J.: 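Handing you a structure now.
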Amino acid sequence: MKITILGAGAYGLALAHIINKNNHDITIWTKFTKEQEELETKRTNKNKLSNYKLPKNIKITTNLEESIKNKDLILIAIPTNALEETIKNIKNINKKTHICLATKGIQQKTNKLPDNILKKYIHNKKYGIISGGSFAVDIINDSPIGLTLATKNKETEKIIIKALQTNNTKIRTTKDIKGTEICGSVKNILAIASGILYGINMPESTIAMFLTEALNDIQELIYQLNGNKKTILSYAGFGDIYLTCTSNKSRNFKLGKMIGQNKSKEEINNYIENTTIEGLYTLKSIYELTKNKKIKIPIINMIYNIIYKNKDPKELINFLITKK
């Protein structure tokens, strides 16, 4: 198959690694000329995935229109805050082309999920969402990983599985696009809170308590936003939440840990300014979304109060005990 990946960040490169193992024709698009030049000359992207060397057969381009011509599959792996800008510039997409969104999160200000942004510009029902607990570095090391594929189109399901399923990559399917996207959005928020608990030296037993309460609240959020409650038990749900909430590889977890350890405002702000912390802007958006829809999700409100209203991080412990 002819496949284009939009986005040359860590996850885009990791997905290219998987697809290349299946011997497909791959083109990677990036909007950044410097990124293109490094990938073409050195076959690396040191800033995004330092230990990975891109195979020579994978093409790199900054020409968006050319990159999507006559492709079987377009896989979108760019940050949520850049998603709309990219999608609205996709012109003349082939009606036979399938689309796979690997973007997690929620758009700031509009509070739209990735599939809502996609459907605003591309009236194509041949699309799916992939999500799950999978760090890019683990993917390129060929570690076994599990992904959730959410789509309502059977042909799209077959195409994406053909592209991504390998001996090390397991894919489970669902029709619950909404629930899958919600899980992918909130996991970074929960990772900040989990990091806080680790930072104030709470034991694994307390972390287990937090994760249990969080899963119940997010299950309710999925239901209130018309998703399937069962999705919380998928790779996109518990799988991704567990991974992000327990690993130092997670930038969101690291931020929470710094807050819990009572690091200086200067040190925390410096980390935020030099690192992409998806959970911060996602927290604002999810908080506004639940507020506007009059949905009560206690765990979201508590984390928001700690991050944006200067509530004492140790209040999270009392919250877990008293939460109904």
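This one's a predicted model, so the numbers in the text were calculated from it and none came from an experiment.
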J.: Under a 3.5 Å cutoff, is there a donor and acceptor pairing between the side chains of Asn274 and Asn270?
T.: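 Distance-only check passes for Asn274 and Asn270.
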
J.: With the side chain counted from C-beta on, respond yes when Thr244 and Leu190 share a heavy-atom pair under 4.5 Å apart, and no when they do not.
T.: no

J.: Suppose we screen for side chain to side chain contact (heavy atoms under 4.5 Å, CB included). Which residues come up paired with Tyr52, at least two apart in sequence or across chains?
T.: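 With sequence neighbours excluded, Tyr52 shows a side chain to side chain contact (heavy atoms under 4.5 Å, CB included) to Leu13, His17, Leu49, Leu54, Pro55, Ile140, given in chain and number order.
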
J.: Any side-chain heavy-atom pair from Ile161 and Thr173 closer than 4.5 angstrom?
T.: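 Touching, per the 4.5 Å side-chain cut-off.
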
J.: What residues, two or more places apart in sequence or in another chain, satisfy side chain to side chain contact (heavy atoms under 4.5 Å, CB included) together with Tyr271?
T.: Arg251, Lys254, Leu255, Met258, Thr275, Ile277

J.: Is there a donor-acceptor contact under 3.5 Å linking the side chains of Glu278 and Asn252?
T.: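 Yes, a side-chain donor-acceptor pair sits under 3.5 Å.
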
J.: From Ile68 CD1 over to Ile74 CD1, what is the distance, rounded to the nearest 0.5 angstrom?
T.: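 Result: 5.0 Å between the selected atoms.
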
J.: Main chain of Ile78, side chain of Thr103: is a donor-acceptor contact present, judged purely on distance under 3.5 Å?
T.: yes

J.: Do Leu225 and Ile232 sit in the same hydrophobic cluster, where Ile, Leu, Val, Met, Phe, Trp and Tyr count as joined when their side-chain heavy atoms come under 4.5 Å apart?
T.: yes

J.: Determine yes or no for a side-chain-to-main-chain donor-acceptor pair under 3.5 angstrom, with Asn116 supplying the side chain and Lys112 the backbone.
T.: no

J.: Within a reach of under 6.0 Å around CZ of Arg43, are more than 12 heavy atoms found that belong to other residues, nucleotides or ligands?
T.: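 Yes, the 6.0 Å shell around CZ holds more than 12 heavy atoms from other groups.
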
J.: Under a single-linkage definition using a 4.5 Å side-chain heavy-atom cutoff for Ile, Leu, Val, Met, Phe, Trp and Tyr, are Leu221 and Ile307 assigned to the same hydrophobic cluster?
T.: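 Same hydrophobic cluster.
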
J.: Heavy-atom distance under 4.5 Å between the side chains of Lys229 and Glu220, does that happen here?
T.: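 Heavy-atom side-chain distance check passes, below 4.5 Å.
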
J.: Is it true that Lys154 and Glu157 have a side-chain N and a carboxylate O under 4.0 angstrom from each other?
T.: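 Here Lys154 pairs with Glu157 in a salt bridge, since their nearest N and O are under 4.0 Å apart.
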
J.: In this structure, are over 12 heavy atoms from other groups packed under 6.0 Å from Asn292 atom CG?
T.: yes

J.: Quick check: do Thr282 and Lys284 have side-chain heavy atoms less than 4.5 Å from each other?
T.: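 Side chain of Thr282 against side chain of Lys284, heavy atoms only: no contact under 4.5 Å found.
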
J.: Looking at Tyr281, is its backbone amide N or carbonyl O close enough to the side chain of Ser285 to form a donor-acceptor pair, meaning the two atoms are under 3.5 Å apart?
T.: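 Yes; at least one donor-acceptor contact below 3.5 Å.
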
J.: I'd like to know if the side chain of Thr86 and the backbone of Ala82 have a donor-acceptor N/O pair within less than 3.5 Å.
T.: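 Looks like yes, one N/O pair under 3.5 Å.
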
J.: Of all heavy-atom pairs between Ile300 and Leu283, which one has the smallest distance, and what is that distance?
T.: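 Shortest heavy-atom separation between Ile300 and Leu283 comes out as O-CD1, 4.0 Å.
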
J.: Could you tell me whether a side-chain N or O of Glu181 sits under 3.5 Å from a main-chain N or O of Asp115, the two making a donor and an acceptor?
T.: yes

J.: Using the test side chain to side chain contact (heavy atoms under 4.5 Å, CB included), find all partners of Tyr198 that sit at least two apart in sequence or belong to another chain.
T.: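 Result, side chain to side chain contact (heavy atoms under 4.5 Å, CB included) vs Tyr198: Ser194, Ile207, Thr246, Phe253.
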
J.: Is atom CZ of Phe135 surrounded by more than 12 heavy atoms (other residues, nucleotides or ligands) closer than 6.0 Å?
T.: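 Atom CZ in Phe135 is packed in, count exceeds 12.
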
J.: Between Asn111 and Gln107, is any pair of side-chain heavy atoms under 4.5 Å apart?
T.: no

J.: Tell me, do Ile122 and Tyr127 make a side-chain contact under 4.5 Å, heavy atoms counted?
T.: no

J.: So, the side chain of Ser131 versus the backbone of Ala236: is there a donor-acceptor pair under 3.5 Å, distance only?
T.: no

J.: Between Lys69 and Glu66, is there a salt bridge with N-O shorter than 4.0 Å?
T.: yes

J.: In terms of side-chain geometry, is the basic nitrogen of Asp142 or Lys21 positioned less than 4.0 Å from the acidic oxygen of its partner?
T.: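 Yes.
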
J.: My understanding is that only residues two or more places apart in sequence, or in another chain, count here; which of them pass side chain to side chain contact (heavy atoms under 4.5 Å, CB included) with Ile159?
T.: Met1, Leu73, His98

J.: Please assess Ser134 against Tyr235 for the test side-chain hydrogen bond (donor to acceptor under 3.5 Å, both in side chains), listing each intermediate value before the final yes or no.
T.: CA-CA 9 Å; Ser134 50; Tyr235 292 133; over 6 Å; no

J.: Quick one: are Thr290 and Gln224 in side-chain contact, heavy atoms under 4.5 Å?
T.: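 They are not in side-chain contact.
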
J.: Have Thr169 and Thr166 got a donor and an acceptor in their side chains that come within less than 3.5 Å?
T.: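 Thr169 vs Thr166: donor-acceptor pair found between side chains.
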
J.: For Asn228 and Asp176, indicate whether the former's side chain and the latter's backbone hold a donor-acceptor pair under 3.5 Å.
T.: no

J.: Nearest 0.5 Å, please: how far is NZ in Lys263 from CG in Asn269?
T.: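 Asn269 CG to Lys263 NZ: 14.5 Å, rounded to 0.5 Å.
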
J.: Indicate yes or no: at least one non-hydrogen side-chain atom of Lys71 is less than 4.5 angstrom from one of Ile3.
T.: no

J.: Compile the donor-acceptor pairs under 3.5 Å between side chains in residues 310-318 and protein atoms, sequence neighbours left out, one pair per line.
T.:
residue : atom : partner : partner atom : Å
Asp312  : OD1  : Lys314  : N            : 3.0

J.: For the side chain of Tyr308 and the backbone of Leu280, is there at least one donor-acceptor N/O pair under 3.5 Å apart?
T.: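 Between the backbone of Leu280 and the side chain of Tyr308 there is a qualifying donor-acceptor contact (under 3.5 Å).
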
J.: With a 6.0 Å cut-off (strictly less than), is the heavy-atom count around NZ of Lys59, excluding the residue itself, greater than 12?
T.: yes

J.: Would you kindly say whether Glu35 and Asn45 are connected by a side-chain donor-acceptor distance under 3.5 Å?
T.: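 There is such a pair between these side chains.
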
J.: So, does Ser143 use its side chain to make a donor-acceptor pair with the main chain of Ile139 at under 3.5 Å?
T.: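 Not at all, since once roles are kept as given, no pair shorter than 3.5 Å links the two residues.
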
J.: Are Glu84 and Lys120 ion-paired here, with the side-chain N under 4.0 Å from a carboxylate O?
T.: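 Salt bridge between Glu84 and Lys120, a charged N being under 4.0 Å from a carboxylate O: yes.
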
J.: Tyr121: what forms a ring-ring contact (aromatic ring centres under 6.0 Å, His included) with it, not counting sequence neighbours?
T.: none

J.: Flag yes if more than 12 heavy atoms outside Lys323 fall under 6.0 Å of its NZ atom; otherwise flag no.
T.: yes

J.: Has Asn124 got a side-chain atom pairing as donor or acceptor with Lys126's backbone, closer than 3.5 angstrom?
T.: yes

J.: One thing to verify: whether Lys104 and Asp240 come together as a salt bridge, which I'm taking to mean a side-chain N less than 4.0 angstrom from a carboxylate O.
T.: yes

